[in-house]
Trainee: 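For reference, the structure I am asking about is given below.
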Number of protein chains: 2
Amino acid sequence: MKIGAFAERIGLSAHTIRYYERIGLLPRCPRDGGQRRDYDASALPWIAFLTRLRRTGMPIRDMVRYAEWRAAGQGTEAERRDLLVRHRDRVRAHVVDLQACLSVLDAKIAGYGDPPPSEPQHDTDTSHRRPVRPGIARPG
Amino acid sequence: MKIGAFAERIGLSAHTIRYYERIGLLPRCPRDGGQRRDYDASALPWIAFLTRLRRTGMPIRDMVRYAEWRAAGQGTEAERRDLLVRHRDRVRAHVVDLQACLSVLDAKIAGYGDPPPSEPQHDTDTSHRRPVRPGIARPG
DNA sequence: GCTTAACGTCGAGCGCGCTCGAAGTCGTAG
DNA sequence: CTACGACTTCGAGCGCGCTCGACGTTAAGC
């Protein structure tokens with residue numbers, strides 16, 4: 001599988017994949033005839049895990065450390081585990097914070113009242129909505 | 001309250017506060033004797049809300065749009081509400097994704113097994129931990 | 001009056017995570 | 001044989017959200 005098809009499959013650009021290989025996130029991949037990258041499905045789980053680390057906000061330098069430990073093989077399990085545990089704890093705290101922010105957002109939105117039905121809604125059943133009360137002016 | 005004290009109180013740098021004012025996130029604040037910014041507590045709720053928008057990942061350009069609508073006053077409630085609703089929906093989706101990633105992380109960490117008790121733990125009660133099973137080698 | 005620290009404006013710079021373009025190589029379709 | 005498009009390496013550039021430094025002014029304490 002060439003890098004273009006692979007990129008499309010995993011939802012990254014070919015540029016990004018080469019960049020990841022360059023900085024050591026991805027191991028040097030096998031080449032066909034010595035030049036062009038040729039991927040197979042065995043690379044997918046690792047990349048999927050990497051993208052999860054990214055989406056959860058792990059800095060790339062930490063991902064690189066993890067990748068180095070992984071490449072080093074046995075003897076690095078404790079470090080890898082610690083890194084993941086610390087990351088998980090940060091992510092958990094972040095989720096808690098986001099949820100708190102969400103309730104603030106909900107309150108703010110409720111303070112603006114229901115939207116005017118100027119455009120017909122796709123969902124025409126409004127029976128579940130709370131009655132319209134004109135919003136009281138607030139700071140913000 | 002001068003900008004230094006204010007900055008310390010809200011947890012932003014004076015540089016950042018001036019930057020926020022420059023780009024229109026904060027209204028031009030009253031000056032003492034025409035020059036130096038003089039804040040009072042009435043600015044706090046708005047800044048707190050702004051920092052929540054930031055922490056939840058709203059781009060600054062959207063925050064500026066919101067701030068402009070807020071400054072424009074009445075007649076912009078629908079726009080403000082829509083912006084917040086769209087943002088809230090993105091944040092909700094993000095939280096869902098983070099939670100999914102967290103369970104992957106948990107599984108990965110579990111795959112490394114319990115950490116070796118080389119350092120004495122602060123929590124010496126280990127009765128709640130699952131029994132030690134040597135980790136099975138896995139990719140990653 | 002003098003020192004000093006906090007303030008002011010302005011614009012440049014930084015760290016991050018890509019993103020892109022240039023310029024060349026290769027393999028296959030027509 | 002030719003054209004094309006996907007690949008290669010390399011290094012520069014970008015968008016974001018600050019962050020900082022230079023340099024001048026000003027108010028407060030001694």
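Order of the sequence lines sets the chain letters (A, B, ...), proteins ahead of strands, with each chain counted from 1. Heavy atoms only: backbone and side chains are in, while hydrogens, waters and symmetry mates are out.
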Trainee: Can you check the B:E21 CD to C:dC10 P distance for me, whole Å?
Mentor: 12 Å
Trainee: D:dC7 P sits how many Å from A:E8 CD, rounded?
Mentor: 11 Å
Trainee: Are OP1 or OP2 of C:dC7 and a side-chain N or O of B:R37 less than 4.0 angstrom apart?
Mentor: no
Trainee: What closest approach, in Å, do B:D62 and B:L83 show between heavy atoms, and which atom pair accounts for it?
Mentor: O-CD2, 3.5 Å
Trainee: Is a donor on one side and an acceptor on the other found under 3.5 Å between the side chain of B:S13 and the backbone of B:T16?
Mentor: yes
Trainee: Any chance you could list the contact pattern along nucleotides 19-30 of chain D? Use B for base contacts, S for sugar-phosphate-only contacts and - for none, protein heavy atoms under 4.0 Å, 5' to 3'.
Mentor: BBB---BB----
Trainee: Assuming nearest nucleotide by heavy-atom distance, tell me which of A:R31 and B:G57 is located more 5' along DNA chain D.
Mentor: A:R31
Trainee: Got a sec: does the CD of B:E8 have more than 12 other heavy atoms crowding it under 6.0 Å?
Mentor: no
Trainee: More than 12 heavy atoms of other residues, nucleotides or ligands under 6.0 Å from CZ of A:R9: yes or no?
Mentor: no
Trainee: Just jot down the side-chain hydrogen bond (donor to acceptor under 3.5 Å, both in side chains) partners of A:D38, sequence neighbours excluded, or say none.
Mentor: none
Trainee: Report yes if at least one side-chain N or O of B:R54 is closer than 4.0 Å to OP1 or OP2 of D:dG17; otherwise report no.
Mentor: yes
Trainee: Just the rounded figure in Å: distance from C1' of C:dA6 to OH of B:Y39.
Mentor: 14 Å
Trainee: Listed by chain and number, what are the side-chain hydrogen bond (donor to acceptor under 3.5 Å, both in side chains) partners of A:D82, not counting sequence neighbours?
Mentor: none
Trainee: Please report the distance, rounded to the nearest Å, between CG in B:L12 and C1' in D:dG17.
Mentor: 12 Å
Trainee: Salt bridge check, B:R86 against B:D89: does any charged N sit closer than 4.0 Å to a carboxylate O?
Mentor: no
Trainee: Base, sugar-phosphate, or nothing: which does A:R18 touch, judged by heavy atoms less than 4.0 Å apart?
Mentor: base
Trainee: Measure from CG on B:D38 to P on C:dA6 and round the result to the nearest Å.
Mentor: 17 Å
Trainee: Just the rounded figure in Å: distance from P of D:dC18 to CG of B:L25.
Mentor: 9 Å
Trainee: Whole angstroms only, please: what is the CE-P distance between B:M1 and C:dC7?
Mentor: 11 Å
Trainee: Separation of B:M63 atom CE from D:dG17 atom P, in whole Å?
Mentor: 9 Å
